[in-house]
> 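Sharing a structure below in structure tokens format, with a few things to ask.
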Amino acid sequence: QKEVEQNSGPLSVPEGAIASLNCTYSDRGSQSFFWYRQYSGKSPELIMFIYSNGDKEDGRFTAQLNKASQYVSLLIRDSQPSDSATYLCAVIIETSYDKVIFGPGTSLSVIP
Amino acid sequence: DAGVIQSPRHEVTEMGQEVTLRCKPISGHDYLFWYRQTMMRGLELLIYFNNNVPIDDSGMPEDRFSAKMPNASFSTLKIQPSEPRDSAVYFCASGSGGTWEQYFGPGTRLTVT
């Protein structure tokens, strides 16, 4: 089992809809979770982080964490064509030293 | 504020040549990360430094790869000798306070022929 998994997509949603992106992870001890957005040909950009179970909202973005089920999700409300990008989930694996593992990313396409 | 600066932005080299990639982190950041991104393998952490000291280099693919951070404002990633399978985009990122919030540079696109 891969350490961090995401559906590769592409996920297509109409403009104005809610886009739901999911990420599962294998290390039960993981405490920190991040979502990055990467436009084609550009570098990843941090958009959200979450440390505690539950929801965290920032503008149109909501991160949801469920440690018992080992998943973290990102909801994008009122999706815009400018949200079309690849979304990378990153999980911090805590061992003798911390290590970050990125998921393969989910490609999102918002259709006008 | 200047973000993370990487150079060169593009590098084309022949197999067997030495390649050096450079990174200047955001001022005040005490963590520096080197990543490689390919379509097949995604974004992989190669090595990271804290206060100029390498903490985890388990992602460095083999002895042909080496990284240094001689001071808080400069790091290099060297590949010697380079091979076609090293072709990828190499990103440098920096962060502070151990929060793992990372800010990426624009990347270096390396092509080894």
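Residue numbers start from 1 in every chain, and the chains themselves are labelled A, B, ... in the order their sequence lines are given, proteins ahead of strands. Owing to the predicted nature of the structure, the values given are computational and were not obtained by experimental measurement.
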> Of all heavy-atom pairs between A/L46 and B/E101, which one has the smallest distance, and what is that distance?
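In this case the closest contact between A/L46 and B/E101 is CD2-CB, 3.7 Å.
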> Under 4.5 Å from any heavy atom of chain B, what part of A/K42 do you find: side chain, backbone, both or neither?
backbone
> Pick one of side chain, backbone, both or neither for A/P104, based on which atoms fall under 4.5 Å of a heavy atom in chain B.
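Neither part.
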> Would A/L74 end up clustered with A/L11 when hydrophobic side chains under 4.5 Å apart are linked, directly or stepwise?
yes
> Do you know the tightest heavy-atom contact between B/G105 and A/S43?
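Shortest heavy-atom separation between B/G105 and A/S43 comes out as O-CB, 3.0 Å.
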> Give the minimum heavy-atom separation between A/D98 and B/W100, together with the two atoms involved.
CB-CZ2, 3.3 Å
> With a 4.5 angstrom heavy-atom cut-off, is it the side chain or the backbone of B/E44 that approaches chain A, or both, or neither?
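Neither part.
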> Taking all atoms of both residues into account, what is the closest heavy-atom pair of A/Q38 and B/F91, and its distance?
NE2-CZ, 3.8 Å
> Hydrophobic clustering (ILVMFWY, side-chain heavy atoms < 4.5 Å, transitive) - are B/V89 and B/F65 grouped together?
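No: no chain of side-chain contacts under 4.5 Å links B/F65 to B/V89.
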> Hey, could you give me the OH/CZ distance between B/Y35 and A/F102, rounded to the nearest 0.5 Å?
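It comes to 4.5 Å.
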> Is atom CZ of B/R64 surrounded by more than 12 heavy atoms (other residues, nucleotides or ligands) closer than 6.0 Å?
yes
> Heavy-atom distances under 4.5 Å only: say whether B/L45 touches chain A with side chain, backbone, both or neither.
side chain
> Measure distances from A/L88 to the heavy atoms of chain B and classify the residue's part below 4.5 Å as side chain, backbone, both or neither.
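A/L88 touches chain B through side-chain heavy atoms alone.
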